[in-house]
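As the structure is a computational prediction, the values presented were derived from the model and not from experiment. Read the numbers this way: they start at 1 and go in the same order the structure lists the ligands and their atoms.
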Amino acid sequence: MSSLKGGVGKTTVTLGLASAAFALHLRTLVVDMDPQGDATTGLGVEHGTNQSIAEVLRDPRASTVETVITPSGWTQDSVDVVDVIPGSPLAVNFDEPHPKARDLWRLEEALAHVEADYDIVFIDCPPSLNALTQTAWTASDQVLIVSEPGLFSVAAAARALRAVADANAERRDGELRAAGIVINRFRPQSIEHQYRVSEIRDMFGDQVMDVQLPERSSIQQVQGAARPVHMWPGEATQDMAHLFDRLLRNLLTHS
Ligand SMILES: Nc1ncnc2c1ncn2[C@@H]1O[C@H](COP(=O)(O)OP(=O)(O)OP(=O)(O)O)[C@@H](O)[C@H]1O
Ligand SMILES: [Mg+2]
């Protein structure tokens, strides 16, 4: 999950998709590349321990990755697997603006040791295009761009799409794909939002995902409680869970 703008919902979408994968009993790994560690917190894992993504990036060997991977708090009473590579403030040390190409392979190298253990891996990115995001993209097949229906978010989404295309051009395998733009925090009552959504759809055409995520305050309660959205009561929240199911299905059909 990427965007060049902060606070648009990357972590919310990461957690929603992880919850959808959990509901499907997929063996799921979430990698928290953001030094803020919000995804880690939302998965019920302590953030800021010395077992984190920072160790993995420093030393991408199998023994390190295997030690750092932690079961999420979501799966305590379950046989299903939702694991986490926790975020850490120390990850800022790996976020240079102009990284060397060989350093961008560290996550890819680390995940190669454990990929057979998982059906799907989600990576939550920080809101920039520095080394951490580029490292995440190097390890990925698809990038999902998250945007709010606002003026600056639209411009940021356009830049992100271009950046994914550039990153793919640099990749030997040519296998990095922009999965598309998902619009988050849509308020159907808002004239401004309606206008921005039609603008985004005009500009980006079928690169915009059909699924549109509404503004729902319960999502913040779900995250505060560090629970999967699929296990939260209430009709409005379950509607949101179904949207994440659809979004996941869409991503899986292209993988
Ligand atoms: N659809 C939504 N409805 C209501 N609140 C939302 C929604 N999406 C996100 N939020 C809230 O907005 C805030 C920012 O969302 P989130 O943390 O997912 O964004 P982000 O892109 O990961 O931010 P950052 O760039 O800081 O990592 C959070 O408090 C989150 O709970
Ligand atoms: Mg975030």
Side-chain angles (χ1 to χ4, degrees), residues 1-20 30-45 47-48 52-53 72 84-89 91-92 95 122-137 143-150 152-157 159-160 163 179-190 192-194 196-197 200 208-230 232 234-248:
M1 267 40 68
S2 289
S3 76
L4 305 186
K5 191 169 181 299
V8 295
K10 296 176 291 300
T11 303
T12 298
V13 172
T14 304
L15 293 172
L17 288 172
S19 178
V30 179
V31 182
D32 191 352
M33 289 297 268
D34 189 346
Q36 298 175 103
D38 297 338
T40 304
T41 307
L43 285 154
V45 171
H47 163 234
S52 78
I53 185 69
S72 77
V84 191
I85 296 185
S88 161
V92 292
D95 205 24
F122 298 108
I123 310 178
D124 190 25
C125 289
S128 81
L129 250 192
N130 293 347
L132 287 172
T133 295
Q134 293 179 46
T135 302
W137 290 4
V143 181
L144 181 61
I145 293 162
V146 185
S147 180
E148 285 177 340
F152 299 128
S153 308
V154 176
R159 284 202 305 281
I181 302 171
V182 61
I183 298 171
N184 181 36
R185 303 194 88 153
F186 176 61
R187 290 196 306 274
Q189 275 22 304
S190 158
E192 165 70 9
H193 277 196
Q194 290 170 17
R196 291 296 167 200
V197 167
I200 293 173
V208 186
M209 314 289 287
D210 292 336
V211 178
Q212 222 159 263
L213 303 166
E215 173 86 23
R216 284 271 188 283
S217 54
S218 62
I219 203 83
Q220 296 170 19
Q221 288 169 276
V222 173
Q223 291 167 355
R227 297 298 299 154
V229 60
H230 288 69
W232 199 261
E235 207 177 315
T237 315
Q238 283 321 300
D239 286 348
M240 197 77 169
H242 289 309
L243 292 174
F244 286 118
D245 291 336
R246 281 178 51 201
L247 193 56
L248 178 62

Checking only N/O/S atoms, does Thr11 have one that is under 2.8 Å from the Mg ion (ligand 2)? yes
Proximity winner for atom 11 (C) of ligand 1, if only heavy atoms of Arg187, Gln221, Gln220 are counted: Gln220
Output the list of atoms in ligand 1 that are nearer than 4.0 Å to some heavy atom of [X], sorted by atom number.
X	result
Ile219	2 (C), 3 (N), 4 (C), 5 (N), 6 (C), 7 (C)
Pro214	1 (N), 2 (C), 3 (N)
Gly6	25 (O)
Pro127	25 (O)

Can you pull out the closest protein heavy atom to [atom]? Residue, atom name and distance to 0.1 Å, please.
atom	result
atom 12 (O) of ligand 1	Arg185 NH1, 2.8 Å
atom 31 (O) of ligand 1	Gln223 OE1, 2.6 Å
atom 4 (C) of ligand 1	Arg216 O, 3.1 Å
atom 23 (O) of ligand 1	Gly7 N, 3.0 Å
atom 27 (O) of ligand 1	Asp34 OD2, 3.2 Å
atom 9 (C) of ligand 1	Thr12 OG1, 3.2 Å
atom 26 (O) of ligand 1	Gln36 NE2, 3.2 Å
atom 17 (O) of ligand 1	Thr11 CB, 3.9 Å

When only distance counts, is Ser217 in polar contact with ligand 1, meaning an N/O pair under 3.5 Å? no
What do you reckon, does Leu213 have a nitrogen or oxygen under 3.5 Å from a nitrogen or oxygen of ligand 1? no
Using side-chain contact (heavy atoms from CB on, under 4.5 Å), reason through Glu192 and Arg196 one step at a time and then give a plain yes or no. CA-CA 6 Å; Glu192 165 70 9; Arg196 291 296 167 200; 2.9 Å; yes
For the residue pair Thr11 / Asp38, report whether a side-chain donor-acceptor contact shorter than 3.5 Å exists. no
Between Trp137 and Ser2, a side-chain donor and acceptor under 3.5 Å: yes
Using side-chain contact (heavy atoms from CB on, under 4.5 Å) as the criterion, point out the one residue from Leu243, Ile183, Leu248 that pairs with Val211. Leu243
Counting only heavy atoms, which portion of Asn184 has something under 4.0 Å from ligand 1: side chain, backbone, both, or neither? side chain
Under the side-chain contact (heavy atoms from CB on, under 4.5 Å) criterion, do Leu247 and Leu144 qualify, and how do the steps go? CA-CA 10 Å; Leu247 193 56; Leu144 181 61; 4.2 Å; yes
Mark the output for Met240 as yes if a heavy-atom distance to ligand 1 is under 4.0 Å, and as no if none is. yes
